[in-house]
There are 2 protein chains.
Amino acid sequence: MPPRPTLHDVARSAGVSKSLVSLALRGDAGVGAATRERIVQAAAELGYRSNALARSLKQGRTRLVGALPSSLENPYHTDVVEGLEGAGVDAGLSVIMVPGAREPERRHRHLDLLLGLNVDGLVVIGSRVEPERLLAVARRVPVVLVGRPEIDLPGIDVVRNDDEHGAALAVEHLLDAGRRRILHVTSGTGPAGRARRAGYEAAMAARGRAADIRVVVSDAGRALRDAIVAACADGYDAVFARNDLEALAVIDAAADAGIAVPGDLAVVGYDDTALAARTRPHLTSVDQPRAQMGRRALALLLERLDGREDDVRDVFTPTLAVRESSAPPATRGRPGDRTRPPPSHMG
Amino acid sequence: MPPRPTLHDVARSAGVSKSLVSLALRGDAGVGAATRERIVQAAAELGYRSNALARSLKQGRTRLVGALPSSLENPYHTDVVEGLEGAGVDAGLSVIMVPGAREPERRHRHLDLLLGLNVDGLVVIGSRVEPERLLAVARRVPVVLVGRPEIDLPGIDVVRNDDEHGAALAVEHLLDAGRRRILHVTSGTGPAGRARRAGYEAAMAARGRAADIRVVVSDAGRALRDAIVAACADGYDAVFARNDLEALAVIDAAADAGIAVPGDLAVVGYDDTALAARTRPHLTSVDQPRAQMGRRALALLLERLDGREDDVRDVFTPTLAVRESSAPPATRGRPGDRTRPPPSHMG
DNA sequence: TTGAAAGCGCTAACAT
DNA sequence: ATGTTAGCGCTTTCAA
């Protein structure tokens with residue numbers, strides 16, 4: 001590979017100095033029209049592209065924002081990045097990301113990578129990076145946490161949705177739709193999972209259903225299925241799942257066990273990811289404004305870079321996207337919807 | 001934010017020269033044990049982290065590999081990145097990525113970003129970057145294309161699966177399972193889509209079903225549903241979809257129209273993404289070894305950096321992951337599987 | 001309007 | 001075993 005041309009090459013080719021090339025190429029006003037023309041010409045001919053590394057080194061900033069999603073498996077994360085990037089473009093910042101990982105070692109590697117690149121800001125999406133590490137990082141570069149409740153670190157802004165409220169939306173919706181007993185399925189030891197679980201319990205209690213509170217911590221496969229079967233036998237006719245992925249697992253387990261959704265069992269997920277509308281039955285899901293949260297994260301970063309000192313905690317209010325998976329027993333019977341009549345414990 | 005400590009700061013704090021700090025921190029053998037100790041100590045106290053920008057500028061390489069997925073919507077891309085990253089770690093290279101985009105303008109911006117960061121190699125995953133642009137890029141940095149058939153650019157390696165063969169696997173499987181007429185659903189104007197379509201047509205012809213070849217170019221929503229209904233009315237009882245996402249759309253449309261899958265209609269997807277096993281019915285899908293292809297892409301990059309001149313075209317052979325969505329009419333009737341009897345045109 | 005020179009933080013060849 | 005020095009490619013005073 002031929003070495004890429006530098007400012008110096010262009011300068012020589014145009015017969016001017018490096019500085020003038022730099023100015024001309026960046027559109028500085030005080031460069032003679034003819035000279036500028038010659039410079040632009042020469043640059044084009046050589047295929048010159050300025051070296052971002054060198055510029056960043058000189059300027060002490062990269063105009064880069066690093067995104068650290070906890071995983072790319074759940075579309076939630078990429079939706080946030082989407083918003084982040086959109087806002088970044090508007091602000092003249094570029095967003096780079098890493099694949100994301102659940103394993104702490106890999107996560108640390110990713111974090112180090114982003115930091116090593118001298119990103120001007122870091123957006124950590126739902127990742128379980130340890131608070132101490134976050135604090136250490138935040139002393140060198142602005143950090144915004146997205147989607148992580150239960151955390152209050154000085155110097156670190158947080159953008160999240162109200163998980164308790166979201167859980168309550170799900171519970172109320174199910175109850176209002178005529179469901180009697182609601183199970184909560186979660187695999188999470190994570191903060192968001194905890195908050196949703198707490199919201200579920202609170203909402204149940206608020207509706208006088210404290211006695212019905214039941215939580216299944218799902219591992220993959222058979223265990224979940226057995227738990228669902230057992231719950232149904234005990235009269236549970238609805239599930240509020242920690243997120244859409246869990247909800248799909250519930251639907252899958254139910255199908256395995258011959259339990260009809262939403263006939264025998266209503267299911268509500270969380271995040272309203274693209275999956276929700278793609279699978280059958282279409283999934284009712286709590287929707288957080290992910291792209292908007294991403295945009296907000298970038299705005300907070302900019303404010304920090306601009307000198308803001310006090311911490312921001314931005315809480316978005318989720319809404320409920322109602323779909324087929326939680327249709328009340330009475331509403332069923334659309335074409336193509338061949339579900340069983342409600343089980344006997346319904347009456 | 002306090003400025004981050006530099007080599008110079010550490011050197012002063014440890015009472016030695018910059019170079020010695022650099023050597024000590026990188027574990028050079030010829031540094032006195034005591035001195036090294038002192039240096040490491042000082043670095044730790046100051047929280048020193050070497051500046052990758054400066055190092056890269058000096059060394060003329062970044063040890064960075066850029067991944068440009070065409071979109072994060074389809075898990076296929078992230079699976080490839082996963083393999084890429086795994087191999088990267090083994091080789092001491094880091095993988096950075098951008099969100100990916102379908103719009104040409106955004107795609108170009110992403111490409112420029114990666115290039116501006118001086119990545120040592122670029123992996124373009126399924127993205128429809130124009131050949132001319134690819135060629136231009138490849139003159140400055142090694143480029144590997146993943147998942148893109150129909151392309152033969154000098155200086156650019158390609159890792160892909162045999163789409164024609166994959167399509168044939170799907171067709172044969174459906175025919176062998178007793179299906180009569182197979183529809184192909186694609187939205188793609190892309191190369192992979194074209195190749196799969198060609199494979200479908202060839203396989204149909206090879207089995208004497210040339211007369212049954214029928215292709216639906218799916219736009220969203222109603223149009224697809226109508227096309228499916230029409231096809232079923234014409235005796236089609238199976239669909240081979242361009243990818244898993246399309247397959248899910250087909251299943252969705254079928255459900256809307258009261259067409260049972262796999263009862264009335266068998267469906268086969270492509271890519272065998274995580275989605276396939278998550279939705280009901282579980283999706284039969286052509287599987288390409290995505291992670292392995294990612295690893296291979298990185299290996300090819302390394303070879304290029306090592307001076308290889310001739311082009312490599314690596315074609316992986318896909319396999320078929322058979323699941324519920326293509327179960328033959330006779331096999332149906334598992335618990336929880338309440339599908340209709342075969343429609344009359346079956347007999 | 002243009003050029004010269006300093007220096008961002010690092011590495012590596014060359015002293016000592 | 002340790003220090004000095006010269007850049008990597010760029011931006012940015014400061015002079016001319």
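So you know, we letter chains A, B, ... as the sequences are listed, proteins then strands, and number each from 1. All values reported here derive from a predicted model rather than from experimental measurement. Heavy atoms only: backbone and side chains are in, while hydrogens, waters and symmetry mates are out.
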d(CZ, A/Arg55; C1', D/dC8) in whole Å: 15 Å
Check whether A/Arg148 reaches the backbone of A/Gly190 with its side chain - one donor and one acceptor, N or O, closer than 3.5 Å. no
So, is A/Ser17 close to the C/dG3 phosphate, meaning a side-chain N or O under 4.0 Å from OP1 or OP2? yes
A/Ser56 and its side chain to side chain contact (heavy atoms under 4.5 Å, CB included) partner, picked from B/Asn51, B/Leu117, B/Leu53: B/Leu53
For B/Tyr48 and C/dG9, what is the distance between atoms OH and C1' respectively, to the nearest whole Å? 7 Å
Would you mind reading off the distance between B/Leu57 atom CG and C/dA12 atom P, rounded to a whole angstrom? 13 Å
Polar contact flag, side-chain donor to acceptor under 3.5 angstrom, A/His77-A/Ser71: no
Exam field: side chain A/Arg26 to backbone A/Ser22, donor-acceptor pair closer than 3.5 Å: yes
Short side-chain N/O contact from A/Ser22 to OP1 or OP2 of D/dT11, under 4.0 Å: yes
Just checking, any donor-acceptor pair under 3.5 angstrom between side chains of B/Arg290 and B/Asn161? no
Are the side chains of A/Asp120 and A/Leu64 in touch, meaning some heavy atoms are under 4.5 Å apart? no
Interatomic distance, A/Lys18 NZ vs D/dT13 P [rounded to whole Å]: 16 Å
Between P of D/dA1 and CZ of B/Arg38, the distance in whole Å: 14 Å
Could you check how far CG of A/Leu23 sits from P of D/dT12, rounded to whole Å? 9 Å
For B/Gly60, answer base if it contacts any base atom (sugar-phosphate contacts may also be present), sugar-phosphate if it contacts only those atoms, and nothing otherwise; contact means non-hydrogen atoms under 4.0 Å. nothing
Can you give me the bend angle of the helix from C/dT1-D/dA16 to C/dT16-D/dA1? Use the axis through the first five pairs and the one through the last five, nearest 10 degrees. 40°
Looking only at D/dT11, C/dT2, C/dG9, the nucleotide nearest the A/Lys58 side chain is D/dT11
Assess, by modelled atom type and distance only, whether the side chains of B/Glu105 and B/His110 contain a donor and an acceptor separated by less than 3.5 Å. no
Taking the nucleotide of DNA chain D with the nearest heavy atom to each, does B/Ala33 or A/Ala54 sit closer to the 5' end? B/Ala33
Give a yes or no on whether the backbone of B/Thr273 and the side-chain of B/Asp271 come within a donor-acceptor separation of less than 3.5 Å. no
Sugar-phosphate, base or nothing in reach of B/Ser50, heavy atoms under 4.0 Å: sugar-phosphate
Collect all protein-nucleotide pairs involving nucleotides 13-16 of chain C in which both atoms are nitrogen or oxygen and the distance is under 3.5 Å.
none

Going through the distances and angles, do B/Arg304 and B/Asp157 end up as a salt bridge (charged side-chain N to carboxylate O under 4.0 Å, His left out)? CA-CA 9 Å; B/Arg304 282 280 183 193; B/Asp157 298 325; 2.8 Å; yes
Of the nucleotides C/dC10, C/dT2, D/dG9, which one has an atom closest to the side chain of A/Thr35? C/dT2
Quick one: are B/Gln288 and B/Phe316 in side-chain contact, heavy atoms under 4.5 Å? no
By nearest-nucleotide position on DNA chain C, the 5'-leaning member of B/Asn51 and A/Leu20 is A/Leu20
Using a cut-off of less than 4.0 Å, is there contact between a side-chain N or O of B/Gln59 and OP1 or OP2 of C/dC10? no
Rounded to whole angstroms, how far apart are CG on A/Leu25 and P on D/dT12? 14 Å
Separation of A/Asp28 atom CG from D/dC14 atom P, in whole Å? 16 Å
With a 4.0 Å limit, can you tell me whether B/Arg26 has a side-chain N or O closer than that to the phosphate oxygens OP1/OP2 of C/dC10? no
